Amino acid sequence: MSEMIVGKNITRTFAVPGGEFQALKGIDVEIGEGVFAILRGRSGSGKTTLMNILNTLDDPTTGEILLDGQNVKDLNAYEREELRRKKMGFVFQSVSLIPSLNAYQNVEFALRMAGVKIDKEAELRIEECLKKVGLGNRMTHMPSEMSGGEQQRVAIARAFVHRPKIIFADEPTAELDSAMAAKVTETFQKMSSEEGITILMTTHDVGLMGAADMIIQLENGERIDAE
Ligand SMILES: Nc1ncnc2c1ncn2[C@@H]1O[C@H](COP(=O)(O)OP(=O)(O)O)[C@@H](O)[C@H]1O
Ligand SMILES: [Mg+2]
């Protein structure tokens, strides 16, 4: 199995009033293709900091990142943006669907943003994605007509419609009740196994860990799980 995300000895230091704060203290991580990985740890343990370094939005203070075999250091700003747009999908804690577009149109908009022309094949792909997240019967619903969990599943369809290699999801279940959170997590599990997408999701909800292929646990900027 090939590695999709590799981080080598990643540190991240922030300048804070009166000195420096080391949020990541030398993290090694390897996540294979098609693996659903959960990044867990208490609030403040460094999850978001690590995720934003692995998705190229932030740079480590020291260390290296390889994505699908490519060293991020070798990419300029434009190439990184292309990498994010074409090879990555993002899901956030607060569902940010466009309120004036229905479920189908929200997913279609994302596909356009990824640079895909909307032809018959693209339309079938949009429908397929909404069906895969269990919303085949909600395609024309507006965001206001859906539950929080349903809206988050539209956001997941939106994140993988362009067939990215990796999905980064930072606390996607934090605003959902436990039944909806389980359903959303199950949807990620399904996407990784059916489409071979590597998924890195952060959460501090212990009840969701069973769905993951791999768990990476952080505490005070250090990895404490047994690799
Ligand atoms: N831009 C920043 N400047 C200073 N400290 C930061 C910054 N971003 C994060 N931190 C600190 O780094 C630690 C880890 O934060 P974060 O990665 O957001 O944790 P988590 O996502 O696990 O809750 C926290 O102590 C936080 O206050
Ligand atoms: Mg966070």
Side-chain angles (χ1 to χ4, degrees), residues 4-31 35-67 72-73 77 80-81 84 88-97 148-149 151-153 155-156 158-159 164 166-178 180-182 184-185 187-189 192 197-227:
M4 186 56 61
I5 302 176
V6 176
K8 292 183 190 168
N9 200 14
I10 295 172
T11 70
R12 181 68 168 97
T13 303
F14 294 112
V16 292
E20 289 187 332
F21 173 76
Q22 193 170 27
L24 298 175
K25 299 170 181 164
I27 304 285
D28 288 307
V29 60
E30 289 190 357
I31 307 172
V35 168
F36 175 25
I38 285 185
L39 181 56
R40 70 177 287 200
R42 248 170 248 145
S43 175
S45 57
K47 302 184 297 296
T48 297
T49 303
L50 180 58
M51 179 168 278
N52 288 341
I53 287 171
L54 296 176
N55 68 27
T56 78
L57 285 170
D58 186 22
D59 283 310
T61 304
T62 62
E64 285 202 331
I65 297 99
L66 285 94
L67 298 174
V72 172
K73 268 185 190 152
R80 283 180 185 216
E81 202 177 307
R84 286 196 296 270
M88 297 181 192
F90 294 88
V91 180
F92 304 100
Q93 176 172 344
S94 299
V95 185
S96 51
L97 300 181
Q151 290 183 48
Q152 192 59 296
R153 283 186 278 139
I156 295 172
R158 184 177 65 175
I166 310 171
I167 287 182
F168 292 96
D170 198 0
E171 307 270 0
T173 64
E175 291 178 8
L176 304 176
D177 68 38
S178 57
M180 285 189 200
V184 161
T185 307
T187 306
F188 278 122
Q189 188 181 26
S192 71
I197 301 173
T198 302
I199 297 174
L200 182 61
M201 161 178 151
T202 70
T203 182
H204 48 255
D205 186 341
V206 183
L208 302 176
M209 302 301 157
D213 298 315
M214 178 185 187
I215 292 170
I216 299 160
Q217 186 163 7
L218 294 186
E219 194 175 285
N220 298 323
E222 288 181 283
R223 192 166 168 182
I224 60 164
D225 61 298
E227 243 184 293

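Worth saying up front: this structure is predicted, and the values here are computed from it rather than measured. One-based numbering along the sequence shown. Atoms within each ligand, like the ligands themselves, are counted from 1 in listed order.
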Contacts table for residues 203-222: side-chain donor-acceptor under 3.5 angstrom, sequence neighbours left out:
from	atom 1	to	atom 2	distance (Å)
T203	OG1	D205	N	2.9
D205	OD1	G207	N	2.9
D213	OD2	F36	N	2.8

**Report entry** Contact residues of ligand 1 (heavy atom under 4.0 Å), by chain and number
**Finding:** F14, V16, F21, A23, R42, S43, G44, S45, G46, K47, T48, T49

Report task. Quick one: do Q152 and E175 satisfy side chain to side chain contact (heavy atoms under 4.5 Å, CB included)? Show the steps, please. Result -> CA-CA 10 Å; Q152 192 59 296; E175 291 178 8; over 6 Å; no

Report task. Take the Mg ion (ligand 2) as the centre and count protein N, O or S atoms at distances under 2.8 Å. Result -> 1

Query raised in the report: Does some side-chain heavy atom of M201 sit less than 4.5 Å from a side-chain heavy atom of V91?
Result: no

What side-chain donor-acceptor pairs closer than 3.5 Å can you find for residues 6-18, not counting sequence neighbours?
from	atom 1	to	atom 2	distance (Å)
T11	OG1	T62	N	3.2
T11	OG1	T62	OG1	2.6
R12	NE	D58	OD2	2.8
R12	NE	D59	O	3.4
R12	NH2	D58	OD1	3.4

**Report entry** Name of the residue among T56, L54, N52 meeting side-chain contact (heavy atoms from CB on, under 4.5 Å) with F168
**Finding:** L54

Query raised in the report: Side chains of R40 and D225: closer than 4.5 Å at any heavy-atom pair?
Result: no

Query raised in the report: Is there a side-chain contact between L24 and I53 (heavy atoms, below 4.5 Å)?
Result: yes

Query - Gap between atom OG1 of T198 and atom CD1 of I166 - 0.5 Å precision - result: 6.0 Å

Query raised in the report: Any donor-acceptor pair under 3.5 Å linking the side chain of K73 with the backbone of E64?
Result: no

